[in-house]
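A quick write-up on the structure given underneath.
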2 protein chains.
Amino acid sequence: MAPSQRVEQMNKELRKGHFLAEKDRFCAYCVVRGTSFCGMVPNEDMAQLSSQSRPLTLDRRRTLFHQGDETQSIYVVTSGTLRLYQMLADGRRQVVGFAIPGDLLGFPLADHNDYSADALDSVYLCQFPRQEFMQFLNQRAHLLGALLTVTHDELNRTREQLALISQKNAERKMAQFLLSFRGRQMRMDEEISVLPVRIPQADIADFLGLTIETVNRMLARFTREKIIAITDTGVELLNLIRLHMLAEA
Amino acid sequence: MAPSQRVEQMNKELRKGHFLAEKDRFCAYCVVRGTSFCGMVPNEDMAQLSSQSRPLTLDRRRTLFHQGDETQSIYVVTSGTLRLYQMLADGRRQVVGFAIPGDLLGFPLADHNDYSADALDSVYLCQFPRQEFMQFLNQRAHLLGALLTVTHDELNRTREQLALISQKNAERKMAQFLLSFRGRQMRMDEEISVLPVRIPQADIADFLGLTIETVNRMLARFTREKIIAITDTGVELLNLIRLHMLAEA
DNA sequence: CGGACGCTTTGATCGAGATCATTGGCATTC
DNA sequence: GAATGCCAATGATCTCGATCAAAGCGTCCG
């Protein structure tokens, strides 16, 4: 079964409450097992991890948590996409990333959230109360190592974004963005050529440090040149070779 | 004694080899104790940490390690400044940060270095062989937590840089850069108003995503307006209020 | 000494993307 | 079904920093 189907099925069951009754099996059967922090948790710890988690649904445009608020929970995204952003002193908004299934949200050792997170579509998450999560971590040193790895990955991703945003060429920025976003999605589904989210152009703009007009013009140009196609389910990458050329040239 | 004096004295003794003979005392008396990862190491672990460390000197313009090379050692900077950078696919160079006394260089859980590091002036470091350092860490879960905190700090600093570089106004970029660099230096010395390094303008340019010409013109303007003064020891911040205004307006 | 090199400085011109302005579609709400 | 708001699309103009060019300056070294 393809991951996306599995997600759908799991979400159905989630809504029916199946998993709530069988908590131990919850994590073991999770779709994002193997792509996230949870994937680094050995099987013998699964039951305990499951018992702490609570499924959570978040509607489009709802906020999961705000920058600066006290860190009360840690989350793992199981389905959907969120935008992560910081408000800057001058009123600008910097989108620091997009969270997709498998991503860990919230850093248990920090007292306050580093960024805000809100849903771009319907989002399903596993929620872990911070205190219990931390206890769980501290009991098992190898899990601290797993968290360290995840944090380091995020550091590297942020450095990648830095390289992206420091580009002066809007076309290249856009091409690199599409490719790197695809790269992240491929973690779940290797064959992907449609990016399954409609990210508002304003969010892409705030991610890339461009204006909405420039983002729009670039997407229009790519569409005109048949490099991408924008559908109501997301963006389809039609010509990966050209996209790579634009990204690197 | 002011930190800078202590550094000087320690460096003198280092050169004479004093500390090599008394390894256990090395870390306990270290100037960057309390400002770095080492500061989170409890006293009872100090002796062992000391016994693993090896002092190291690096001349101006020398490279400590290259991006992509195998991670063989972890370093703590005790004196001097290094530039950390990545070479990008298109040949550009992205400076991802400047390491100052107290900073930890090299991530023990990664097999390869994420960036290159070279000295901007004479640099003194403590070197820890990676394998031993990792063993040391794994024996003490609380030290993993310390490393996690340091890594998270670096993540936040990188996000700050992201916000900085996404600014479109060169003047504001420069002002924010000077202030944030000062902020980092203050970790060691609260009273600082002279940034004690002569960072080549080309490095500032590659840090901020500007050209050397623009960097130069901004520095010239700030100097003309008596906001800063450039001496042969570094940059003196003459008018912090104006600098803050420029950074935020 | 001379000259080559690394780094800084300054001027002139150009162009990509910001900014400003307007329109249109589509969904939500009363 | 009119009103409101959100988002996308596109044209006209402007601006700031990139780019191109050249010169200055200290220092290292044969």
- Message: Taking A:Asp121 first and then A:Arg198, would you say they form a salt bridge - that is, a charged N and a carboxylate O separated by under 4.0 Å?
- Response: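 Salt bridge between A:Asp121 and A:Arg198, a charged N being under 4.0 Å from a carboxylate O: no.
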- Message: Check A:Asp118 with A:Arg83, please: is the shortest side-chain N to carboxylate O separation under 4.0 Å?
- Response: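 Salt bridge flag = yes for A:Asp118 with A:Arg83.
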- Message: Test side chain to side chain contact (heavy atoms under 4.5 Å, CB included) on B:Gln94 and B:Ile165; report intermediate values, then the result.
- Response: CA-CA 11 Å; B:Gln94 177 64 51; B:Ile165 217 169; 3.8 Å; yes
Roughly, in whole Å, what's the span from [atom1] in [X] to [atom2] in [N]?
{"X": "A:Met174", "N": "C:dA16", "atom1": "CE", "atom2": "C1'", "answer": "15 Å"}
{"X": "A:Arg92", "N": "C:dA18", "atom1": "CZ", "atom2": "P", "answer": "11 Å"}
{"X": "A:Leu120", "N": "D:dC6", "atom1": "CG", "atom2": "P", "answer": "16 Å"}
{"X": "A:Gln201", "N": "D:dT10", "atom1": "CD", "atom2": "P", "answer": "10 Å"}
{"X": "A:Asp206", "N": "C:dG17", "atom1": "CG", "atom2": "C1'", "answer": "16 Å"}
{"X": "A:Ile212", "N": "D:dC6", "atom1": "CD1", "atom2": "P", "answer": "13 Å"}
{"X": "A:Lys173", "N": "C:dA16", "atom1": "NZ", "atom2": "C1'", "answer": "12 Å"}
{"X": "A:Asn216", "N": "C:dA21", "atom1": "CG", "atom2": "P", "answer": "19 Å"}

- Check: B:Thr81 side chain, B:Leu120 main-chain N or O, donor-acceptor pair, under 3.5 Å: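 It does not hold such a pair.
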- Counting only N and O atoms by type, is there a donor-acceptor contact under 3.5 Å from the side chain of B:Arg92 to the main-chain atoms of B:Asp206?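 No.
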Please examine the side chains of [Y] and [X], heavy atoms only from C-beta on, and report whether any two atoms are closer than 4.5 Å.
{"X": "B:Ile199", "Y": "B:Phe181", "answer": "yes"}
{"X": "A:Val197", "Y": "A:Ile100", "answer": "no"}
{"X": "A:Arg184", "Y": "A:Asp103", "answer": "yes"}
{"X": "A:Leu56", "Y": "A:Leu64", "answer": "yes"}

Nucleotides 11-17 of chain D: which of its N/O atoms have a protein N/O under 3.5 Å away?
residue, atom, partner, partner atom, Å
D:dG11, N7, A:Arg217, NH1, 3.1
D:dG11, O6, A:Arg217, NH2, 3.4
D:dG17, OP1, B:Lys168, O, 3.3
D:dG17, OP1, B:Ala170, N, 2.5

- Go along nucleotides 23-30 of chain D 5' to 3' and tag each nucleotide: B for a protein heavy atom under 4.0 Å from its base, S when only backbone or sugar atoms are that close, - otherwise. --------
- Message: What contact category does B:Arg61 fall into here, base, sugar-phosphate, or nothing, at under 4.0 angstrom with non-hydrogen atoms?
- Response: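 It contacts sugar-phosphate atoms only.
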